[in-house]
Amino acid sequence: MRIGMKDQDHMTMMSGNEAIVRGAIEAGVGFCASYPGTPATEIAANLFTLADEHDIYVEWSVNEKVALEAATGASWAGIPALCSMKSLGLNVASDFLLNVNLSGTGKGGLVIVVCDDPRGHSSSNEQDSRFYAKAAQIPLLEPSTYQEAKDVTKYAFKLSKKYEVPIIIRSTTRLSHSRGLVKRGLISKKKKSAGNLPVGLYNVPMPHQKHRDLLRKIGRIMEEFETTGFNTDLSIKDMELLVISSGVCSMYVREALHLLGTTKIGHLNIATTYPLPKTTVTNLLDRTSRVLFIEETDSFVEDEVRALSAELKKLPAFYGKRTGHVPNYGEMNTDVVRTAIGSMNGTSANEVVSQQLPGEDILVERPLIFCAGCTHRNFYWAVRKVRKRMGGKLIVAGDIGCYSLGVFYDGAMNTMQAMGSGIGVACGLGKLERFGFDSKIIAVAGDSTFFHACLPGLVNARHKNANLTFVILDNATTAMTGFQIHPGSHHQEKAHRRIEIEGIIKAVQPDFYDRGSTSDIRSLIELLHSTINKKGLKVLLLESACRLDENSMDLVSKNTVFMIDSDSCRGEKCKICVADFGCPAISWGDATGQPIILDAMCVRCGACVVVCPHDAIKEERLQ
Amino acid sequence: MREPFNILVAGVGGQGNLLCGRILADAAIQQGLRPVVGDTFGASRRGGSVLTHLRLGTRDWAPLIPKGEVDILLGLEPLEALRAAVEYAGARTIAVVSLRRTPISDIGSGNIEYPPLDKISAALTRLCKQVYIIDADAALSQIGSRRVLNSFLLGAMSRLTQSPLKPDVIRESLNSLVGSDSINMVAFEEGATALHVELT
């Protein structure tokens with residue numbers, strides 16, 4: 001989509017993520033490594049589509065730590081490198097990050113993009129990843145618009161090359177996943193060629209001196225941030241209040257000030273949030289008596305400003321997450337800003353919100369569910385059946401992926417934290433028999449997660465003889481984030497070599513190993529039940545299918561339909577298929593008092609047939 | 001046109017929310033406006049609530065519409081239209097809402113009952129300035145696909161006198177995204193004649 005009167009005015013609709021990609025391409029990026037994760041996935045996914053055109057090597061690495069290490073290797077050799085990931089990915093990569101900050105990134109330039117997810121729309125937490133920039137003492141940039149996302153990325157590469165430190169760009173869901181018009185710049189014509197590595201790419205034996213050197217660099221970078229032009233200051237002469245904001249919050253602040261129609265409130269949008277440009281900030285603090293901070297998610301800028309203003313003679317009053325004027329959890333928006341300004345002025349903006357609105361009483365949630373025909377549902381159905389047989393004594397330690405929805409499926413999954421945590425937690429639980437722990441333990445992980453973070457846990461389980469069953473739900477793709485290829489996928493790029501999960505499992509030599517299928521519920525229940533009752537480390541590799549994956553479309557029959565046999569169906573008295581199994585392709589007919597199979601949604605997998613205890617779900621061949 | 005002019009598209013995953021946002025944004029660009037489109041979708045790839053916020057103006061407005069500031073609410077699904085209206089509708093809101101329900105699947109937490117349609121439309125009329133309830137079933141059966149409901153509703157919306165986006169421009173944007181022989185184009189034309197049932 002384009003707009004344009006003149007050539008140089010050509011504007012393109014871009015999401016925040018696409019704008020970051022454009023900025024990287026304009027900066028001459030030559031290498032990108034990433035692991036998929038919402039809301040960051042589109043950055044590398046987009047670069048894949050542009051890789052040939054711009055001579056860029058792009059890979060989905062096995063996890064974010066490997067991605068960051070690989071990207072750093074490229075930067076050391078002189079190739080500008082981008083490493084994008086979601087918030088939680090930076091936890092995985094942080095071990096390396098807190099070393100390479102000291103070692104330096106060489107001549108290529110290394111830009112890390114981390115996309116945080118305030119409110120956890122698609123995440124298991126709402127962490128504020130900016131603290132990693134402070135922990136690593138490296139520059140942090142937070143763009144507030146689509147145009148800034150592009151421009152800041154280009155600048156980040158320049159900065160990294162100049163100071164040989166990694167730069168973190170932090171986006172959040174609302175910027176990454178919304179779009180606006182961006183004016184493109186020229187693409188770097190510089191030839192990308194790899195050269196010799198710098199010397200001394202390690203911190204020993206004097207890490208403290210490397211630390212000293214890094215702090216000197218960050219001091220010079222702070223000077224540079226005073227004049228970058230990215231920190232936009234819309235302050236006015238007689239400010240009653242100064243609002244300091246960063247990232248997408250700056251758009252909310254601009255809009256709130258427009259809605260309030262005031263001319264007495266100044267606004268500073270900070271794009272260089274670590275290290276803060278001290279003079280820029282303190283000069284503004286001198287000119288106001290009140291300051292309000294608006295930022296996603298924690299009080300990062302707020303605390304930094306409080307710290308650097310400690311030596312000021314006259315302190316303004318600070319308002320923000322620390323004072324309770326801004327919520328210190330959840331997502332920000334224009335209304336939060338309006339409410340905060342209202343509460344500072346003594347008017348309670350919550351009055352309107354507190355009364356119930358029409359329709360609020362009848363609103364019901366739309367719960368997150370497995371798709372029609374999803375084989376994860378079959379697996380958890382089997383888990384529930386086996387748990388019942390065990391008198392409830394079965395713990396499922398879960399992991400991260402679509403199958404995490406098992407926590408909402410009658411609590412079939414009991415725990416769910418980080419990538420690889422299922423097998424790790426199970427390792428501990430599997431050693432508790434001496435303390436009287438008498439539940440059977442299943443650890444469950446998907447195939448992409450298996451490669452990402454389960455290998456050390458699996459080796460530990462074998463080595464320590466933990467008594468547990470490790471189940472891998474293998475649909476051969478990274479389904480949750482849009483079918484990115486991983487080492488175990490059936491279809492691989494020509495230059496890549498497939499690694500079979502089975503080979504890895506066998507190498508670890510579990511006490512018992514078997515394959516099974518999540519499509520056949522009846523035998524799955526028996527396989528699970530007999531396996532968990534064996535001693536030692538058991539591993540089950542279960543062939544699964546994502547119904548949204550085009551590669552699995554041929555697994556189901558196109559020539560059959562499934563119907564309810566109204567004579568056999570017990571209707572209202574039973575409801576197992578619709579209310580307990582819960583496939584969205586099975587609906588309820590209020591008029592008939594019986595379930596209805598929604599043929600438009602049904603993927604014809606037939607899983608529900610054995611779920612019905614009355615044989616009322618019938619398969620019919622189409623002629 | 002009021003600056004910013006705000007259109008909110010509410011539906012469930014798979015209904016084509018995102019496509020609606022793209023088409024309307026393109027139409028806005030063709031009319032010389034500066035759109036911002038905010039898509040909000042959670043972990044649900046299919047079947048969860050999806051909202052698309054469209055801001056039209058001359059500068060970048062925030063990707064979320066403030067409470068009470070919706071000018072047009074396009075409801076691809078009645079319950080989701082109500083959810084969006086409770087959160088965002090106000091004195092200016094004109095709602096165009098499809099009558100067809102997407103049922104709720106739920107296990108474990110007891111049976112979640114889908115609220116009765118008459119209660120939904122009653123609440124919508126109290127939350128919005130004007131509500132058009134659209135029954136697209138007959139038209140979509142004739143066209144042969146329910147998957148073009150989004151284009152049908154775009155057609156209906158294009159006929160609102162309050163819409164700053166002109167019907168011809170929206171049609172052209174739809175055309176450039178789906179192709180002229182797509183049944184989406186038929187659905188759009190059918191939708192353009194559907195704005196007759198109005199609740200006030």
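Letters A, B, ... are given to chains in the order of the sequence lines, protein chains preceding strands, and every chain is numbered from 1. Only heavy atoms go into these numbers, but all of them, side chains included; no hydrogens, no water, no symmetry mates.
- Proximity to chain A (any heavy atom under 4.5 Å) is shown, for B:Glu87, by neither the backbone nor the side chain.
- Neither the backbone nor the side chain of A:Leu175 comes within contact range of chain B; no heavy atoms are under 4.5 Å apart.
- When each of B:Ser176, B:Ala85, B:Pro66, B:Ser173 is scored by its heavy-atom pairs under 4.5 Å with chain A, the top score falls to B:Pro66.
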Run the numbers on A:Leu363 and B:Leu79 for side-chain contact (heavy atoms from CB on, under 4.5 Å), then give the verdict. CA-CA 7 Å; A:Leu363 264 190; B:Leu79 178 62; 3.8 Å; yes
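- Note that CG of B:Asp60 and CD of A:Glu255 are 11.0 Å apart. Values are rounded to the nearest 0.5 Å.
- With a threshold of 4.5 angstrom between heavy atoms, A:Gln147 does not approach chain B through any atom at all.
- No part of B:Arg146 comes within reach of chain A, as not one of its non-hydrogen atoms sits under 4.5 angstrom from that chain.
- Note on B:Pro115, B:Pro4, B:Pro63: by heavy-atom pairs under 4.5 Å with chain A, the leading option is B:Pro63.
- At least one side-chain heavy atom of A:Arg174 sits less than 4.5 Å from a side-chain heavy atom of B:Thr40.
- A:His258 is listed as a side-chain neighbour of B:Arg59, based on a closest heavy-atom distance under 4.5 Å.
- Smallest separation of non-hydrogen atoms from B:Gly38 and A:Ser178: CA-CB, 3.6 Å.
- For CZ of B:Arg147, the number of neighbouring non-hydrogen atoms (other residues, nucleotides, ligands) closer than 6.0 Å is 12 at most.
- When heavy atoms are compared at a cutoff of 4.5 Å, B:Thr102 approaches chain A by way of both its backbone and its side chain.
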After noting the C-alpha distance and the side-chain angles of B:Glu77 and A:Arg366, does the key distance pass the side-chain contact (heavy atoms from CB on, under 4.5 Å) rule? CA-CA 12 Å; B:Glu77 204 279 341; A:Arg366 211 173 263 284; 3.1 Å; yes
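- Contact count against chain A (heavy-atom pairs under 4.5 Å) is highest for B:Arg83 among B:Arg126, B:Glu80, B:Arg83.
- For a residue to count as touching a neighbouring chain, one of its non-hydrogen atoms must lie under 4.5 Å from one of that chain's; by this rule B:Leu124 does not touch chain A.
- Nearest approach of B:Ile104 to A:Pro367, heavy atoms of both residues: CG2-CD, 3.6 Å.
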Can you check side-chain contact (heavy atoms from CB on, under 4.5 Å) on B:Val37 and A:Met13, steps first, answer last? CA-CA 9 Å; B:Val37 190; A:Met13 280 298 272; 3.8 Å; yes
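- Scanning all heavy atoms of the two residues, the minimum distance from A:Ser587 to B:Pro103 falls at OG-CG, 3.9 Å.
- With a 4.5 angstrom heavy-atom cutoff, A:Thr334 touches chain B only via side-chain atoms.
- Contact annotation for A:Cys583: only backbone heavy atoms (N, CA, C, O) come within less than 4.5 Å of a heavy atom of chain B.
- With a 4.5 angstrom heavy-atom cutoff, A:Val253 does not touch chain B via any of its atoms.
- Between A:Gly359 and B:Val86, the closest heavy-atom pair is C-CG2, 4.3 Å.
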For a side-chain contact (heavy atoms from CB on, under 4.5 Å) check, start with the C-alpha distance between A:Asp335 and B:Leu64, then their side-chain angles and the critical distance, and finish with the verdict. CA-CA 10 Å; A:Asp335 296 309; B:Leu64 296 173; over 6 Å; no
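- Looking at A:Phe581, the atoms closer than 4.5 Å to chain B (heavy atoms on both sides) all sit in the backbone: N, CA, C or O.
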